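This report refers to the structure that appears directly beneath it.
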Amino acid sequence: MQAGPKPTTVDSLFVLGVRIDAVTFEQVLASIEEFIADGRPHQIVTVNPEFVMAAQSDVEFRHIINSSALALPDGVGVWWASRHLGRPLPDRIPGVDLVERLAALSADRGYRLFFLGAMPDVADEAVEVMRKRYPGMAVAGTCAGSPRREEDAAIVERVRATRPEVLFVAYGAPAQDHWIARNMDRLEVPVCIGVGGSFDYIAGVHPRAPRWMRHLGLEWLHRLITQPRRWRRMMALPRFAWQVLWSRDRG
Ligand code: UDP
């Protein structure tokens, strides 16, 4: 598996053995432009505490994150951990914000975006919303598909045929990141990014936390209130905080 070269200027820290890159939004966009110019496939992951905890037992997932082209800090938990470890991250890069920034970049540069995943029609609805916000955004295609291995070949063919520069995969973690890792070489798409529930937020299927809550780092609380079925998965958060507090891992 080749995740593409990591940009040379990027500094990283390790939280419980999982890589997180200390990057600003501007650096991320500049790196993505480099990846597109390079043309080889690059995998980008957006790491939050649930990823870090899943990667403790899923060794392959940890390998995917640690060898990715960019491991972006998504969520206040990893930002807090970086401060605790004495290596404060310069920015937080939520997946949904990255999708929007790339939609704007696409309108500007003509990069073609492919939206894979979420429930049927959600990707199309998200595209419709973004087309209004970013007129000129170039869409290569959309497809709900499925992360099941039996469907890989057909979906890869469908994406390849449209020759996008950027592929968003919204199957949730870690399924989306495994999907990209095993299909990346056949896809021949320069930038592949796992974006979790981003299409749901943009399409309005799930409300995004209000700005003041995001500002206070309370997106996780909003998620717990609006999607209470996630509580079991979200137990990863206190486990993450506990392990970081007691870890000797100093980046
Ligand atoms: N999803 C999908 N196919 C599946 C399982 C999930 O398309 O078999 C989509 C789901 O509709 C949602 C996204 O994957 O849009 C997962 O969102 P979630 O918020 O759980 O992801 P996270 O950001 O927590 O990784």
Side-chain angles (χ1 to χ4, degrees), residues 18 20 43-58 60-62 64-65 68 70-79 92-100 102 113-130 141-152 154-156 158-159 167-183 192-209 213-214 217-240:
V18 178
I20 298 170
Q43 177 162 15
I44 299 179
V45 289
T46 58
V47 183
N48 67 25
E50 288 180 20
F51 282 55
V52 175
M53 296 318 289
Q56 301 305 298
S57 51
D58 183 343
E60 199 186 326
F61 186 39
R62 186 163 68 218
I64 289 170
I65 298 171
S68 65
L70 281 173
L72 303 177
D74 182 353
V76 72
V78 291
W79 182 82
R92 280 194 280 144
I93 319 279
V96 59
D97 291 341
L98 182 60
V99 173
E100 297 238 8
L102 287 173
L113 314 175
F114 196 109
F115 297 76
L116 174 64
M119 292 296 110
D121 301 328
V122 172
D124 287 319
E125 286 162 27
V127 163
E128 210 172 294
V129 169
M130 281 190 291
T142 63
C143 171
S146 152
R148 291 185 316 149
R149 277 177 189 270
E150 309 85 275
E151 300 199 25
D152 281 10
I155 295 172
V156 165
R158 189 163 167 178
V159 174
L167 170 65
F168 299 120
V169 184
Y171 286 144
Q176 63 195 14
D177 308 287
H178 284 293
W179 190 94
I180 292 172
R182 69 176 183 265
N183 290 304
C192 302
I193 315 175
V195 295
S198 297
F199 303 169
D200 295 336
Y201 288 121
I202 295 166
V205 174
H206 293 306
R208 236 194 130 180
M213 277 185 113
R214 280 187 255 158
L218 293 174
E219 215 147 8
W220 60 272
L221 179 63
H222 184 266
R223 215 167 189 197
L224 192 58
I225 294 165
T226 55
Q227 301 176 53
R229 277 186 308 175
R230 296 180 66 93
W231 75 269
R232 203 182 291 275
R233 259 184 82 177
M234 289 185 68
M235 287 307 287
L237 288 174
R239 287 195 293 120
F240 171 81

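When a ligand or atom number is given, it counts from 1 through the structure's own listing order. Worth saying up front: this structure is predicted, and the values here are computed from it rather than measured.
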Provide the number and element of each atom of ligand 1 under 4.0 Å from a heavy atom of G172.
13 (C), 14 (O), 16 (C), 21 (O), 25 (O)
Polar contact flag for R223 and ligand 1 (N/O pairs, less than 3.5 Å):
yes
CZ on R230 to CD on E50, rounded to 0.5 Å
5.5 Å
Flag Q176 as yes when one of its N or O atoms lies below 3.5 Å from any N or O atom of ligand 1, and as no otherwise.
no
By ring pair (Phe, Tyr, Trp, His ring centres under 6.0 Å) - contacts of F61 (at least two apart):
F51, H178
Per-atom filter on ligand 1: closer than 4.0 angstrom to a heavy atom of A173 are 25 (O)
Around atom CZ of R149, are there more than 12 heavy atoms from other residues, nucleotides or ligands closer than 6.0 Å?
no
Out of A118, A203, A123, the nearest non-hydrogen contact to atom 7 (O) of ligand 1 is supplied by A118
What heavy-atom pair brings M53 and A236 nearest, and what distance separates the two atoms?
CG-O, 3.6 Å
Pull out every atom of ligand 1 sitting under 4.0 Å from any heavy atom of D200, numbered as shown with elements.
12 (C), 15 (O)
Subset of ligand 1 atoms that lie under 4.0 Å from at least one heavy atom of R230
18 (P), 19 (O), 20 (O), 24 (O)
What part of R233, side chain, backbone, both or neither, has a heavy atom within less than 4.0 angstrom of ligand 1?
side chain
Tell me the protein heavy atom at minimum distance from atom 6 (C) of ligand 1, and give that distance in Å.
Y171 O, 3.6 Å
What residue and atom, counting heavy atoms only, is the protein's closest point to atom 9 (C) of ligand 1, and at what distance?
A170 O, 3.3 Å
side-chain contact (heavy atoms from CB on, under 4.5 Å) with I155: which residues, sequence neighbours excluded?
L116, E151, V159, Y171, W179
If we set the cut-off at 4.0 Å for heavy atoms, which region of P147 has an atom near ligand 1: side chain, backbone, both, or neither?
side chain
In Å, rounded to the nearest 0.5 Å, how long is the span from CG of L72 to CD1 of I65?
11.5 Å
Can you list the ligand 1 atoms lying under 4.0 Å from a non-hydrogen atom of G197?
17 (O), 18 (P), 19 (O), 21 (O), 23 (O)
N/O of A144 under 3.5 Å from N/O of ligand 1, yes or no?
no
For residues T142 and V127, report the shortest heavy-atom separation together with the two atoms involved.
CG2-CG2, 3.8 Å
State, to 0.1 Å, how close Q176 and G196 come at their nearest heavy-atom pair, and which atoms those are.
OE1-N, 2.9 Å
Check the surroundings of atom CZ in R214: do more than 12 heavy atoms from other residues, nucleotides or ligands lie under 6.0 Å from it?
yes
